[in-house]
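First comes the structure, then the notes that go with it.
Side-chain atoms are counted along with the backbone in the values below, which use heavy atoms only and exclude waters and symmetry mates. Predicted model, so just to flag it, every value in this text is computed and none were measured.
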Amino acid sequence: QKWRGYAWMSKAIGGIEVSRVHKGAPNGLEPFRPLSGTEQREALEYLLQLYQPDVLGDFPLDMINRMPVERRGDFASNWNFGQRLTYPIHDFVTWNRAQVLNVVFNWERLMRIRDNAFITDEVNPFTLGELFENFTDTIWADVVMGLAPRDSLQRETQSIYLDMLIYLGSNDPEFAAHNNQESSRGDLPGSHLPPGINSLTPWINDVHALAFAELLRIHEAIE
């Protein structure tokens, strides 16, 4: 249940409450209510537990050798020839961590974090810089503190996070296309665009700068 919770909680980062409100609705209800900085920080604190070296808690590792897949050809089996018989613990943890990274650092979500921080009247809104710094400090905590990566699970995650930063730090359209990302967004009406421009590329300069800054910080820590 907790592992499922990470996927759900990731939507709170840059999150917005949506209401089907009509003109003249009472109590100042609006169609969109961005989550407050406090709410997003609470969600982030919960999410970062997923990237701690002790993410498995007190789960007995010897139990993994008692978790074979069912190979009998009945309703309980989803095993196929060529599939691993032993439980893929590294794949399970890494896949879940990667999925949360994909949701949290999705371009649409990053754009919402930027926009929400701009339009809010909060004194201390949740920002893109806060997002990047916290994930780096958690995923690369051992190296940042001058230590070797603690375990193989952590090294797997660090590699995936590094690849993601390299992608986010690049503004090369060909690189984006290679990664099956949208090269432009056409959901903005023409009246909102500068003359002669028909679409906007979803690149955020702040994201490029922040991703590159984190890459430099990790590089310095590794050296």
Between [Y] and [X], is there a side-chain heavy-atom distance shorter than 4.5 Å?
| X | Y | value |
| --- | --- | --- |
| Val104 | Leu44 | no |
| Leu153 | Pro53 | no |
| Arg109 | Phe105 | no |
| Leu168 | Leu210 | no |
| Ile160 | Met164 | no |
| Leu131 | Ile113 | yes |
| Ile89 | Leu56 | yes |
| Gln49 | Val55 | no |

Inset, instruction - For the residue pair Tyr51 and Phe135, categorise the inter-ring angle as parallel (less than 30°), tilted (30 to 60°) or perpendicular (more than 60°). - result: perpendicular
Inset, instruction - Fit a plane to each ring of Phe92 and Trp3, take the angle between them on a 0 to 90° scale, and name the class: parallel (under 30°), tilted (30 to 60°) or perpendicular (over 60°). - result: tilted
State, to 0.1 Å, how close [X] and [Y] come at their nearest heavy-atom pair, and which atoms those are.
| X | Y | result |
| --- | --- | --- |
| Ser10 | Leu47 | CA-CD1, 3.5 Å |
| Gly15 | Gln40 | N-OE1, 4.3 Å |
| Leu128 | Arg114 | CD1-CB, 3.9 Å |
| Glu122 | Gly37 | OE2-N, 3.0 Å |
| Gly169 | Ala211 | N-CB, 3.7 Å |

Inset, instruction - Take Asp151 and Gln154 through the test side-chain contact (heavy atoms from CB on, under 4.5 Å) and record every step on the way to the result. - result: CA-CA 5 Å; Asp151 58 43; Gln154 204 72 355; 3.2 Å; yes
Inset, instruction - Start with the C-alpha distance between Leu162 and Ile218, add both sets of side-chain angles, then the distance that settles side-chain contact (heavy atoms from CB on, under 4.5 Å), and finish with yes or no. - result: CA-CA 9 Å; Leu162 201 60; Ile218 293 170; 4.2 Å; yes
Rounded to the nearest 0.5 Å, how far apart are [atom1] of [X] and [atom2] of [Y]?
| X | Y | atom1 | atom2 | result |
| --- | --- | --- | --- | --- |
| Asn106 | Asn102 | CG | CG | 8.5 Å |
| Leu110 | Asp206 | CG | CG | 10.5 Å |
| Arg112 | Leu35 | CZ | CG | 9.5 Å |
| His90 | Arg155 | NE2 | CZ | 7.5 Å |
| Lys11 | Ile13 | NZ | CD1 | 13.5 Å |
| Asn134 | Arg41 | CG | CZ | 9.5 Å |

Inset, instruction - Not counting sequence neighbours, list each pair that qualifies as a side-chain hydrogen bond (donor to acceptor under 3.5 Å, both in side chains) and has a residue in residues 91-100. - result: Arg97-Thr157
Legend entry - side-chain hydrogen bond (donor to acceptor under 3.5 Å, both in side chains) pairs, two or more places apart, involving residues 136-149: Thr136-Tyr161, Thr136-Glu214, Asp137-Arg217, Asp142-Gln158
Spell out, yes or no, whether [X] and [Y] are grouped together once hydrophobic residues are joined by side-chain heavy atoms under 4.5 Å, including indirect joins.
| X | Y | result |
| --- | --- | --- |
| Phe32 | Phe126 | no |
| Val103 | Val93 | no |
| Met67 | Leu61 | yes |
| Leu165 | Ile222 | yes |

Inset, instruction - Applying side chain to side chain donor-acceptor pair (under 3.5 Å), name anything that partners Tyr6, two or more places apart in sequence or on another chain. - result: none
Is it the case that over 12 heavy atoms from other parts of the model lie below 6.0 angstrom from the [atom1] atom of [X]?
| X | atom1 | result |
| --- | --- | --- |
| Phe118 | CZ | no |
| Phe212 | CZ | no |
| Asp62 | CG | yes |

Inset, instruction - Quick one: do Trp107 and Val207 satisfy side-chain contact (heavy atoms from CB on, under 4.5 Å)? Show the steps, please. - result: CA-CA 9 Å; Trp107 279 107; Val207 170; 3.7 Å; yes
